[in-house]
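Take a look at the structure set out below.
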Amino acid sequence: MSIEINKLTKIYGNQIAVDSISFSAQKGEIIGLLGPNGAGKSTTMKILTGFLSPTHGETHVCGINVQEETIKAQQKIGYLPENNPLHYEMYVKEYLNFAANLYNIKKPKERIAEIIDLCGLTPECHKKIGQLSKGYKQRVGLAQALIHNPEVLILDEPTTGLDPNQLVDIRSLIKKISQDKTVILSTHIMQEVEAICSRVVIFNKGKLITDKPIAEIQTDMNNANYVYAEFSESINTDIFIENGLSFQSQEANTYRFSTNNETETRKAIFNLATKNNLPLIGLWKEKNKLEDIFHDLTGKKQ
Ligand SMILES: Nc1ncnc2c1ncn2[C@@H]1O[C@H](COP(=O)(O)OP(=O)(O)OP(=O)(O)O)[C@@H](O)[C@H]1O
């Protein structure tokens with residue numbers, strides 16, 4: 001296994017940021033870490049990269065215990081932290097040279113040229129980092145994470161704040177550079193996980209609540225649909241539950257039900273409305289989306 005996280009816990013004062021989390025990843029996998037704000041994603045990444053110590057538990061990268069042999073483990077890891085901290089006053093090549101020196105790279109000039117090409121930085125590589133667009137700054141962040149050709153890449157929200165075109169470019173760059181590596185990336189964007197990850201790990205309030213291949217999640221999505229019922233006034237939702245309907249959430253006077261048989265559920269809602277004089281004005285179905293699964297698992301209302 002390239003990455004192994006075993007019963008990891010981090011407590012800040014009396015706040016449990018990460019609560020006994022375990023998962024592993026092997027070469028070639030791109031794992032998407034999903035979770036609401038404060039779920040513990042960044043803390044887990046910081047521990048995995050050796051920047052923070054856990055309160056309990058341990059992490060291994062390429063068989064090396066990160067807590068016991070931090071420097072050795074860090075040589076295997078490329079890390080793009082949240083908010084991509086860069087030295088804005090440095091030129092792109094100067095910064096990459098600085099990063100190459102940190103890792104004691106044998107032929108820095110050749111490696112910098114290679115990485116500039118790989119990350120699509122050639123047209124902007126003569127500029128100061130502060131003069132670059134957000135998308136190019138992100139490319140510089142990725143270039144520094146890759147300079148020592150690490151086996152494992154840890155990317156904390158690598159696409160936050162990018163415009164839709166830059167998003168597509170950076171996602172395909174991540175896919176391209178990940179082919180022979182193990183990648184863990186955190187994101188708030190479900191489509192991103194669907195677009196580039198092979199597996200999704202969902203965190204909520206410091207706990208790991210789902211760890212599944214994307215293909216399995218997609219099968220779940222195809223099997224589980226939603227039915228929506230709109231009424232012209234607010235309805236006491238007890239009536240749905242009492243009648244065996246799996247009521248999920250409400251937005252204004254529209255109520256959402258999960259179902260494996262949407263025709264039967266629509267019939268049941270229609271019959272319930274007729275029998276109890278409920279002012280039903282709309283009834284429709286919708287395919288489940290990864291976003292819905294995420295909201296259900298993390299207990300957030302849509
Ligand atoms: N240095 C710290 N001191 C105290 N509490 C902290 C510290 N760093 C993080 N926390 C708390 O730990 C919890 C987990 O934070 P973390 O940054 O890991 O979440 P996250 O999932 O990365 O969130 P986001 O998506 O907003 O970046 C939060 O409640 C946060 O306030």
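Throughout, residue positions are numbered sequentially from 1 according to the sequence presented. Whatever order the structure lists them in is the order used to number ligands and atoms, beginning at 1. These numbers were taken from a predicted model, which means no experiment stands behind them. Atom set for the values below is all heavy atoms of this structure, side chains included, hydrogens, waters and symmetry mates excluded.
A donor atom on one side chain and an acceptor atom on the other are not found under 3.5 Å apart for T182 and E151. Between E192 and T159, the side chains place a donor N or O and an acceptor N or O closer than 3.5 Å (distance only, hydrogens not considered).
At a distance under 4.0 Å, no protein heavy atom can be found next to atom 30 (C) of ligand 1.
Atom numbering of ligand 1 starts at 1 in the shown order; those under 4.0 Å from a heavy atom of E82 are 27 (O). The H188 neighbourhood of ligand 1 comprises atoms 25 (O), with distances under 4.0 Å to a heavy atom of that residue.
Using a 4.0 Å heavy-atom cutoff, M45 is absent from the residues neighbouring ligand 1. Heavy atoms of K10 stay at 4.0 angstrom or farther from ligand 1. Assignment of K46 to the shell around ligand 1 is not supported, since no heavy atom sits closer than 4.0 Å.
Between the choices K205, K41, Q15, the shortest heavy-atom distance to atom 25 (O) of ligand 1 belongs to K41. Of the candidates A17, G38, G40, S42, the one placing a heavy atom closest to atom 12 (O) of ligand 1 is A17.
Ranking the protein heavy atoms by distance from atom 10 (N) of ligand 1 puts Y12 CE1, 3.3 Å first. The protein non-hydrogen atom at the shortest distance from atom 15 (O) of ligand 1 is T43 OG1, 3.8 Å.
Classification of R199 and D211 as a salt-bridged pair holds, one side-chain N sitting under 4.0 Å from a carboxylate O.
Nearest approach of L173 to L118, heavy atoms of both residues: CD1-O, 3.3 Å.
The CG atom of L280 sits 11.5 Å away from the CZ atom of R266 when rounded to the nearest 0.5 Å. Residue E69 holds its CD atom at 12.0 Å from CD of Q74, rounded to the nearest 0.5 Å.
At a 3.5 angstrom cut-off on N or O pairs, N37 counts as close to ligand 1.
By the 30° and 60° cut-offs, the orientation of the rings of Y255 relative to F231 is perpendicular.
Between the side chain of K128 and the backbone N or O of Y88 there is no donor-acceptor pair closer than 3.5 Å.
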